[in-house]
Visitor: 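The structure is given below, and queries will be raised subsequently.
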Amino acid sequence: MESETLALDLDDNGFPIDSLSSEEEPVDRDSEKVEERGLVIPSAVQNTGSFALDFYAGGTDWSCLISKEKCSGNKGLVQKNLFQAWGIEKPSLIPSRSSISFSPPRKRHCSKRIAEDRSGTERPRICPFYKKIPGTSFAVDAFRYGLIQGCSGYFLTHFHYDHYGGLSKRWSHGPIYCSPLTARLVKMCLSVNPLFICPLELDTEHLIDGVKVTMLEANHCPGAALVHFRLKDGRCYLHTGDFRACKMMQSYALLTSQRINVLYLDTTYCNPKYRFPPKEDVVNFVVRTTRKYLEKQPKTLVVVGSYSIGKEHVYVTISQALGVQIYTDPSRRRILQSFGWPQLCGQLCSSGQTSPLHVLPLSVLRPESLKEYLKKYSPQFTAVLAFRPTGWTYSEATGNHLDLIKPTSKGNITIYGVPYSEHSNYEELREFVKFLRPERIIPTVNVGNAANRDKMQSYFQEWLKT
DNA sequence: GCGATCAGCT
DNA sequence: CACAGCTGATCGC
């Protein structure tokens, strides 16, 4: 192997190996990262087939792994929580005199200007390599990078802002492939030219640019899909987008019939400390708790917090258990109606007075805001019982014991944080990977730091032993 | 005035 | 913190 002239090495998963201790100076390394030089083929790649070669052909810029993907400005590093969680020191920032070729800085007259060493430097948005599907002209959830060289098909896994960001009426870079429900949401909520929106029926093989593409239910938010690619050469790639792995997925024929060569995995909670319960357990707890409060105080207004889409199951279940309608504001109602789910659509009502069950943006689920909100419905309702459903609510102390959850109470306002997650917990990730036994795994979340990636890779290796 | 984007915030 | 946004300010048009 002649590796003398080679600048970068890859680990088993196509990530650049952190080689600060090698002959290279940090400065060189920095510039190497960002220079759009010709293909530099690392030694590690040369013997490992086309996978990493394809990645390199798709772009050699790794700087996206250093800055937070959704952080477009000049903020510092991210993932501090995981540094803490895994007992890792916060790494030093890359030099701010980065040699990235900055796009012309836009002048902003912000009175709260940030520190000088951070000002005036803007990182260009370059599509991270793990959003490109090697051997194809496809990218996944990559709309905020403008035109991606060589990309002629843009996949959208689900309708959450951090995945569709960049889609607007000015989108003109290529067709947007997504599930039919997601397609409806894009049409309703964004002003994208409808000609670009290409709905792909779930569980159906679609031939696109010679690649067989199948969308599969992802058990995340409504419309969310896993994307399965089968290339001409027979290689199979699975991109999970965001998902919550479950037993049902083990019955997908596509996942049992042929080995997955590369799994692009939603690793949001890929740490053993995340042991939150199944969604059903959490929903049952919410219903139990609601019943208890209503018994004590029948004039309780029940509130469920939610982002734009997601968490519907929580309030639909309350609605069914108590036999009450669901109130939410017209804009959210319009979106929920578009799902076409009878259990949901049939229960929506347009007056807050006629329903004791309201769905509000999570930002309202604070004691002061809810107190204000309750005033509008006085004296019909005299207290609020609110639920914030999110995976981050999970605490190790509480663990799986939902009944140990202590609400925050202020007067007649009670707020429960409940660990209802639409991402896989650690165990579910492990089970899914052990079932799938993919040849290679590329994590797509928490990848901003080599130590995080190493930690995750060590989990993967452990799971795939023998 | 309007849509898009960004900093700051939760 | 992050999840997946939201809010308000400030751009271009």
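Here is the naming used below: chain letters follow the sequence lines, and residue numbers restart at 1 for every chain.
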Visitor: Please state how far atom CZ in Arg366(A) lies from atom C1' in dT10(B), giving the value in whole angstrom units.
Guide: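 These atoms are roughly 8 Å apart.
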Visitor: Describe, in one word, how the ring planes of Trp341(A) and Phe339(A) are oriented to each other, choosing from parallel (under 30°), tilted (30 to 60°) and perpendicular (over 60°).
Guide: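 Tilted: the ring planes of Trp341(A) and Phe339(A) meet at 30° to 60°.
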Visitor: To the nearest Å, how far apart are Ile309(A) CD1 and dG5(C) P?
Guide: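 Result: 7 Å.
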Visitor: Does some side-chain heavy atom of Ile405(A) sit less than 4.5 Å from a side-chain heavy atom of Thr289(A)?
Guide: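 They are not in side-chain contact.
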Visitor: Mind calculating the distance between CZ (Arg144(A)) and P (dA4(B)) to the nearest angstrom?
Guide: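 Going from CZ in Arg144(A) over to P in dA4(B) covers 15 Å.
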Visitor: Can you check the Lys273(A) NZ to dC1(C) C1' distance for me, whole Å?
Guide: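 These atoms are roughly 9 Å apart.
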Visitor: Is the centre of the Tyr164(A) ring less than 6.0 Å from the centre of the Phe143(A) ring?
Guide: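 Not close enough - the centres of the two rings lie 6.0 Å or further apart.
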Visitor: So what does Ser421(A) hit on the nucleic acid, given a heavy-atom distance under 4.0 Å: a base, only sugar-phosphate, or nothing?
Guide: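 Counting heavy atoms under 4.0 Å across all strands, no contact is made by Ser421(A).
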Visitor: Tyr307(A) near the nucleic acid: base, sugar-phosphate alone, or nothing, with a heavy-atom cut-off under 4.0 Å?
Guide: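 Base, at least one base atom sits under 4.0 Å.
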Visitor: Hey, does the side chain of His163(A) come within less than 4.0 Å of dC3(C)'s phosphate (OP1/OP2), counting only N and O?
Guide: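 The answer is no; no side-chain N or O of His163(A) sits under 4.0 Å from OP1 or OP2.
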Visitor: Please state how far atom OH in Tyr269(A) lies from atom P in dA2(C), giving the value in whole angstrom units.
Guide: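 Rounding to the nearest Å, OH of Tyr269(A) and P of dA2(C) are 12 Å apart.
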Visitor: Under 4.0 Å between a Lys/Arg side-chain N and an Asp/Glu carboxylate O for Lys375(A) and Glu372(A)?
Guide: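 Judged by the 4.0 Å cut-off on N to carboxylate O distance, Lys375(A) and Glu372(A) do form a salt bridge.
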Visitor: Between dA4(B), dC3(C), dG5(C), which one does the side chain of Ser191(A) approach most closely?
Guide: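 Per side-chain heavy atoms of Ser191(A), the pick is dA4(B).
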Visitor: Within the structure, does a side-chain N or O atom of His160(A) lie under 4.0 Å from either OP1 or OP2 of dC3(C)?
Guide: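 Result: no.
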Visitor: Quickly work out the Tyr164(A) OH to dT5(B) P distance and round it to whole Å.
Guide: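 Taking atom P of dT5(B) as the reference, OH of Tyr164(A) is at 12 Å.
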Visitor: Side-chain donor or acceptor of Thr268(A) under 3.5 Å from a matching atom on the base of dC3(C)?
Guide: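 There is none.
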Visitor: Contact class for His158(A) vs. all strands (heavy atom < 4.0 Å): base, sugar-phosphate, or nothing?
Guide: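 No contact.
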Visitor: Under 4.0 Å between a side-chain N/O of His423(A) and OP1 or OP2 of dA4(C), yes or no?
Guide: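 Yes, within the criterion.
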Visitor: Side chain of Thr390(A) only, heavy atoms from C-beta on: which candidate in dA4(B), dA4(C), dC3(C) is closest?
Guide: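 Nearest to the side-chain atoms of Thr390(A), counting from C-beta on, is dC3(C).
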Visitor: Mind calculating the distance between CG (Asp266(A)) and P (dA4(C)) to the nearest angstrom?
Guide: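 Spelled out: CG on Asp266(A) to P on dA4(C) is 8 Å.
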Visitor: Taking only side-chain N and O atoms of Arg170(A), does any of them lie within less than 4.0 angstrom of OP1 or OP2 on dT5(B)?
Guide: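 Arg170(A) to dT5(B) OP1/OP2: side-chain N or O found under 4.0 Å.
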Visitor: Establish, yes or no, whether a centroid distance under 6.0 Å links the rings of Tyr237(A) and Phe138(A).
Guide: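 Centroid distance Tyr237(A)-Phe138(A): not below 6.0 Å, so no.
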Visitor: Among dC3(C), dA4(C), dA4(B), which nucleotide sits nearest the side chain of Lys169(A)?
Guide: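 Out of dC3(C), dA4(C), dA4(B), the nucleotide with an atom closest to Lys169(A)'s side chain is dA4(B).
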Visitor: What is the distance from CG of Leu360(A) to C1' of dT7(C), rounded to the nearest Å?
Guide: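 Leu360(A) atom CG is separated from dT7(C) atom C1' by 17 Å.
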